[in-house]
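Here is the structure we will look at, set down as structure tokens.
Model, not experiment: these values are computed from the prediction. Just so you know, residue 1 is the first one in the sequence shown, and it goes up from there.
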Amino acid sequence: MDPTSSVNIRPPASAKLRRRVSLTTTDALGADTLFMIFTFLDLVHLIRCSAVCKSWRAVISKLKLLQIQYHKQHQADSASVSDLSYYSEKLINIQMEQLAMGQQRSSLLEGHVGVFQWKAHSVGFTKCRMKMGLVLTGVGDKVMRLWSTESCKSLDEYQLPDRAPLIDFDFDEGKVVGLVGTRICIWKRIGTRDLFSSREGLFTRGLCMCYVDPQAVVGCEDGKVRVFDLYSKKISQIIKMHPGAISSLCFSDEQLIVSGSSLGGISISDLSSDQRVVTFDATSSAGIKTMCLSPNLYSLFSGSSTGYASCWDLRTMRRRWETRVSPNVLYSMQHLRNDASTLVVGGIDGVVRIVDQGSGDVLSRITMENSSESSRSMDKNKLIQKKKGIRLTDDDRIDLLPNRPPITSLAVGMQKVVTAQSDKCIRVWKFGKK
């Protein structure tokens, strides 16, 4: 037989059987098994596990594991572990949040940094979104991919319906919402993989999008915000926000819309109060490239095309501070939900900056070393590189540092930052304890 000829070789029956065996998921673990696992964790890791899903939080809450760990950590003298009523759920939640935010700040400012990077797309992509330890990447490719930040594995992908470009996207537990060309597309994540697409031409020259169920808000080149209702599948409101193009958007659970203009203005509208539009008294004419909203703390952060970061008080509509954190354009800024301490900023120079929310001071600047510290293959098709993150000193010149792809988008999680940098790779910056 010619060894170069094509031969149809059937795999053995045992191989077929192995392929049909599905992996055990965490959903298959009972409450007793989860309890045994959770008892080995400290308070911080229990907090992180309680945020994974409702079923895990229910087990942790029912068995009062957080109260037990809190009691052990503080070595209370007047109460025993059996008398857990002393520690009210509200008190525990407050203490948990304070502890978590304190560790977040300490890790971002002083912890060692490891950067994990791998090829996520066949072409360069520019946006990433992170929720519940999952990262969705896209814009630039004809597909969006969902990744685990812990295992670095691809969990799912969502194909675009046609040649129209993906402009912006977001996701939650049940769906992925994307602005594709001049319409909204919705991909179901649970059950039947249905794809809904609105009619063409709803969003002429849409530039950015935010999504909070059940509404997607699209900022357009004509300075108008168009509110799309995902249930009626129609535009429910159109609000004129700026005389120029809308370059950045924030949309909160409290129906608060904040938009930034390419001409430098910032406007705010509350959908629950007759669409009233208020414009901030911005003195700079630099275009707004990115914004981050913290309605619980009455704060709005913005980044401009000239490298300035600003903080606004939503109650007084006045600026608290303005700092030039970079000599070049800022593309993205985010902070962990309810974090009132640190803000992570990225821009064209490829440096991750940690900024103090209260003063605007740059607390730390981090870049990635050129040589690979280590690399390992997670599967046959993907090589994961681990590189060391380097904290820069005040004397280090950023313009002399090589190989710094621009940070076009970033997302912040607990002790981690994910960046999209216009190339094919996704990067997960993990911050350890100091």
Side-chain angles (χ1 to χ4, degrees), residues 107-109 113-121 123-130 135-141 144-145 147 149 167-170 208 247-250 260 286-292 301-310 323-336 342-355 357 360 362-370 385-392 396-413 415-431:
S107 299
L108 291 179
L109 298 187
V113 186
V115 185
F116 296 80
Q117 70 170 24
W118 64 92
K119 183 179 177 181
H121 293 264
V123 298
F125 67 97
T126 60
K127 289 187 181 295
C128 62
R129 301 286 185 266
M130 179 163 60
V135 177
L136 189 63
T137 59
V139 179
D141 199 356
M144 292 177 285
R145 289 195 170 95
W147 306 88
T149 58
I167 298 170
D168 208 345
F169 60 87
D170 205 344
C208 50
S247 54
S248 183
L249 268 180
C250 292
I288 304 298
K289 303 297 291 186
T290 179
M291 293 190 303
C292 179
F301 304 96
S302 64
S304 76
S305 58
T306 54
Y308 282 91
S310 301
T323 305
R324 193 171 194 186
V325 300
S326 171
N328 301 298
V329 57
L330 303 179
Y331 284 134
S332 187
M333 56 172 50
Q334 287 291 330
H335 62 80
L336 197 63
T342 57
L343 181 71
V344 184
V345 180
I348 197 171
D349 60 9
V351 176
V352 173
R353 289 176 171 84
I354 313 300
V355 177
Q357 288 192 24
V362 178
L363 304 176
S364 184
R365 300 181 302 166
I366 310 156
T367 188
M368 188 172 56
E369 69 173 358
N370 292 323
Q385 290 182 313
K386 180 184 177 182
K387 296 188 176 183
K388 184 179 179 181
I390 302 175
R391 294 188 185 273
L392 303 178
D396 290 328
R397 289 187 55 183
I398 296 176
D399 58 312
L400 299 180
L401 300 176
N403 301 326
R404 295 175 292 106
I407 297 175
T408 54
S409 178
L410 62 81
V412 180
Q415 295 181 260
K416 66 174 69 74
V417 175
V418 179
T419 58
Q421 300 187 228
S422 293
D423 54 12
K424 302 175 184 179
C425 292
I426 182 174
R427 294 172 178 85
V428 180
W429 307 61
K430 295 189 177 181
F431 297 78

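Rounded to the nearest 0.5 Å, atoms OG (Ser305) and CG (Asn328) are 10.5 Å apart. Separation of atoms CZ (Phe431) and CG (Leu108) is listed at 5.5 Å; rounding is to 0.5 Å. Put simply, CE on Met130 and CG on Leu136 are 12.0 Å apart, with the number rounded to the nearest 0.5 Å. For the atom pair Lys430 NZ and Phe116 CZ, the distance stands at 5.0 Å (nearest 0.5 Å). With rounding to the nearest 0.5 angstrom, the OG atom of Ser247 is 7.5 Å from the CE atom of Met291. Here the straight-line distance linking atom CZ of Arg145 with atom NE2 of His121 works out to 5.5 Å at 0.5 Å rounding.
In this structure the side chain of Val428 reaches within 4.5 angstrom of the side chain of Trp118, judged on heavy atoms. Looking at Ile426 and Phe125, their side chains come closer than 4.5 Å, going by heavy atoms from C-beta outward. Within the 4.5 Å cutoff, no side-chain heavy atoms of Leu401 are placed close to those of Asp396. Put simply, the side chain of Arg129 reaches to within 4.5 Å of the side chain of Asp168, judged on heavy atoms.
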Please determine whether side-chain contact (heavy atoms from CB on, under 4.5 Å) holds for the pair Val352 and Val344, giving the CA-CA distance in whole Å, both sets of side-chain angles, and the decisive distance to 0.1 Å. CA-CA 7 Å; Val352 173; Val344 184; 3.8 Å; yes
Verdict with reasoning, Gln357 to Phe301, per side-chain contact (heavy atoms from CB on, under 4.5 Å): CA-CA 9 Å; Gln357 288 192 24; Phe301 304 96; 3.4 Å; yes
Could you go through Leu392 and Ile366, starting from their C-alpha distance and side-chain angles, then the distance that decides it, and tell me whether this counts as side-chain contact (heavy atoms from CB on, under 4.5 Å)? CA-CA 6 Å; Leu392 303 178; Ile366 310 156; over 6 Å; no
Mind running side-chain contact (heavy atoms from CB on, under 4.5 Å) on Gln421 and Arg404 for me, showing each step along the way? CA-CA 9 Å; Gln421 300 187 228; Arg404 295 175 292 106; over 6 Å; no
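Closest approach of Trp147 to Lys119, counting heavy atoms only: CH2-O, 4.2 Å. Here the closest heavy-atom approach between residue Glu369 and residue Ile390 is recorded as CB-CD1, 3.5 Å. Residues Lys127 and Ser409 come closest through the heavy atom pair CA-CB, 3.7 Å. For Ser332 against Leu410, the heavy-atom pair with the smallest separation is OG-N, 3.1 Å. Closest non-hydrogen pair, Pro327 versus Arg353, comes out as CD-NH2, 4.3 Å. Annotation for Pro402 and Asn370: closest pair CG-ND2, 3.1 Å, computed over non-hydrogen atoms.
In this structure a side-chain-to-backbone donor-acceptor pair under 3.5 Å is present from Ser304 to Thr306. A donor-acceptor pair under 3.5 Å is formed between the side chain of Arg391 and the backbone N or O of Leu109. Put simply, the side chain of Ser107 never gets that close to the backbone of Gln415: no donor and acceptor are under 3.5 Å apart.
Under the rule for a ring pair (Phe, Tyr, Trp, His ring centres under 6.0 Å), Trp429 has no partner lying at least two apart in sequence or in another chain. With sequence neighbours excluded, the residues forming a salt bridge (Lys or Arg N to Asp or Glu O under 4.0 Å) with Lys416 are Glu150, listed by chain and number. Legend: residues meeting side chain to side chain contact (heavy atoms under 4.5 Å, CB included) with Thr126, ordered by chain and number and at least two apart, are Val139, Thr408, Ser422. Applying the side chain to side chain contact (heavy atoms under 4.5 Å, CB included) criterion to Ser310, with sequence neighbours excluded, gives Ser302, Trp312, Arg319, Glu322. For Ile167, the side chain to side chain contact (heavy atoms under 4.5 Å, CB included) partners at least two apart in sequence or on another chain are Leu179. With sequence neighbours excluded, no residue forms a ring pair (Phe, Tyr, Trp, His ring centres under 6.0 Å) with Phe169.
A side chain to side chain contact (heavy atoms under 4.5 Å, CB included) with Val325 is found for one member of Val355, Ile354, Val351 and no other, namely Val355. With respect to Met368, the side chain to side chain contact (heavy atoms under 4.5 Å, CB included) criterion is satisfied by exactly one of Val113, Asn403, Val115: Val115.
Counted by atom type alone, His335 and Thr342 present zero donor-acceptor pairs between their side chains at under 3.5 Å. Under 3.5 Å, the side chains of Arg427 and Thr419 contain no donor-acceptor pair of N or O atoms.
A salt bridge does not link Asp349 with Arg365: every distance from a Lys NZ or Arg NE/NH1/NH2 to an Asp or Glu carboxylate oxygen is 4.0 Å or more.
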